[in-house]
Amino acid sequence: MSNPYDTLGVAKNASADEIKKAYRKLARESHPDASGGDEARFKEIQGAYDVLSDPEKRKQYDTFGSTNGRGGAGGPAGAQFQDFDLSDLFGGLFGGGAARGGGARRGPQPERGADLQTEVHISFEDALAGVQVPVRANVETACHTCGGSGAEPGTAPIVCPVCNGRGITSDSHGLFALSQPCPRCRGNGTMVEHPCKTCRGSGRERVQKTYQVKIPAGAKDGTRIRLKGRGEPGRGGGPTGDLYVVARVASSPLYERRGDDLVVDVPVSYADAALGAKVEVATPEGPISLKVPAGSQPGKLLKVKGRGAPRLKGGGKGDLLARLRLDVPEKMSKQERELLEELRKVSR
Ligand SMILES: [Zn+2]
Ligand SMILES: [Zn+2]
């Protein structure tokens, strides 16, 4: 290690106060988050202060020219080089909690872009079969005029004169310094003197983008599809948000959806329900023949396995549930009427 006195720029007989003062000044200047900061230098300063701020270690260094524990004096070997938490130190320097929430950092903290949500309307049949649809979304992008700087073309943002580009201002209160985002540049460190006319200095504008989105077979009303990274751009180098596309599925005049099952009404006559019959039932893949057992009651559900909607998860399909509906004729032929009258007599 280099000479800690040289690192802090203090004399060999410097007082604890002088050492602390020199350390605070240098640490602040070289902090990786400060303008012109240098992490290697910062660590070196921290290491030097670690030695000189501890009377035991300082004595050991003065005696041996190192703190490597030669002779066993002082703490365990190497303890002085243990990892330290940059944010803890920073918080201590600039006032407790200042580093939290990004207030004490230079420039804006990386912030993930917002998620966007949009709806797409599809037919019942398309939802069952799966379909590719164009989805439009209003997405924030860098302003096309200024390229995102917010400054009128031909001009450039200037370094903030209040915080000198650091993005923070701090007031000293004895041992502690309170820091807050610079009110003038709102923590950016730079300011726009001549705002771009297109975006009024925000550097951003909204544009309509169209994406081709694949709605999976079996999508339900309300199914959300995530388009990763198609949301709002992040700030300060943060990642882009996502775009969620919500499928709005039209209802069907034929089918009722119950999860992955489809319910379809099947009208049957009294005679077919009572005697049993083969009836034709609609399915998404075309009509099939279904056996109605003798004595079936109205409302009974007859299950046709694997003829429902495709499952979004796990593959396969739900079932088709044929719901028997008693079909009572509004008009009858003379013969039908006579036979029914006969039936009524015998079944009393
Ligand atoms: Zn602009
Ligand atoms: Zn400023």
Side-chain angles (χ1 to χ4, degrees), residues 28-39 41-42 86-87 90 93-95 97-120 134-172 177-213 226-245:
R28 204 179 295 188
E29 285 168 359
S30 65
H31 192 282
D33 287 335
S35 168
D38 177 342
E39 189 166 344
R41 167 109 179 100
F42 181 74
L86 282 179
S87 61
F90 202 64
L93 266 180
F94 289 92
R100 214 169 160 270
R105 302 294 170 142
R106 180 180 182 262
Q109 281 283 285
E111 197 181 311
R112 187 176 178 276
D115 292 335
L116 294 174
Q117 182 163 306
T118 187
E119 291 188 347
V120 61
V135 170
R136 276 173 290 278
N138 280 312
V139 181
E140 210 178 63
T141 60
C143 167
H144 73 277
T145 305
C146 61
S149 73
E152 188 68 12
T155 72
I158 57 160
V159 172
C160 171
V162 173
C163 61
N164 287 321
R166 297 183 62 189
I168 52 169
T169 55
S170 43
D171 293 312
S172 207
L178 282 177
S179 72
Q180 57 181 13
C182 172
R184 185 76 182 277
C185 62
R186 277 178 282 163
N188 288 306
T190 57
M191 289 172 51
V192 171
E193 272 190 311
H194 307 284
C196 161
K197 287 182 184 70
T198 305
C199 63
R200 293 201 198 95
S202 72
R204 289 161 178 250
E205 65 177 337
R206 291 204 166 267
V207 292
Q208 191 172 77
K209 290 201 176 175
T210 304
Y211 301 111
Q212 293 299 320
V213 178
R226 185 173 80 148
L227 301 188
K228 200 169 166 3
R230 299 293 197 200
E232 303 275 31
R235 291 175 194 261
T240 308
D242 301 331
L243 172 64
Y244 286 94
V245 177

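Remark: Lys197 NZ to Cys146 SG distance equals 11.5 Å, nearest 0.5 Å. The distance from the SG atom of Cys143 to the CD atom of Glu205 is 5.0 Å, given to the nearest 0.5 Å. Expressed to the nearest 0.5 Å, how far SG of Cys163 lies from CE of Met191 amounts to 9.0 Å. Distance OG1/Thr240 to CD/Glu232: 9.5 Å, rounded to 0.5 Å.
Taking every heavy atom of both residues into account, Gln212 and Pro134 meet most closely at NE2-CB, 3.6 Å. In terms of heavy atoms, Thr190 sits closest to Pro157 at CB-CB, 4.2 Å. The minimum heavy-atom distance linking Ser149 with Val192 is given by the pair O-CG2, 3.7 Å. The two atoms that bring Pro110 and Gly237 nearest to each other are CB-C, 4.4 Å, heavy atoms only. Closest heavy-atom contact between Val159 and Gly165: CG1-N, 3.5 Å.
Using a distance-only test at 3.5 Å, with no hydrogens or angles considered, no donor-acceptor pair links the side chain of Glu152 to the main chain of His194.
Looking only at side-chain heavy atoms (C-beta outward), Pro195 and Arg200 stay at 4.5 Å or farther from each other. Residues Cys185 and Val162 form no side-chain contact, since every pair of their non-hydrogen atoms from C-beta on lies 4.5 Å or further apart. The shortest distance between side-chain heavy atoms of Arg136 and Thr118 does not fall below 4.5 Å. Looking only at side-chain heavy atoms (C-beta outward), Tyr211 and Val139 come within less than 4.5 Å of each other. Counting heavy atoms from C-beta outward, Glu140 and Pro233 have side chains that approach closer than 4.5 Å. The side-chain heavy atoms of Val213 and Val120, taken from C-beta on, include no pair separated by under 4.5 Å. Thr145 has its side chain within reach of Pro153: a pair of non-hydrogen atoms, C-beta onward, lies under 4.5 Å apart.
The number of heavy-atom neighbours closer than 6.0 Å to CZ of Arg206, taken from other residues, nucleotides and ligands shown, is above 12.
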key: CA sep, side-chain torsions, deciding dist, call: Thr141, Lys209, side chain to side chain contact (heavy atoms under 4.5 Å, CB included)   = CA-CA 10 Å; Thr141 60; Lys209 290 201 176 175; 3.9 Å; yes
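Checking Arg112, Lys228, Gln117 one by one against Asp242, the side chain to side chain donor-acceptor pair (under 3.5 Å) holds for a single residue, Arg112.
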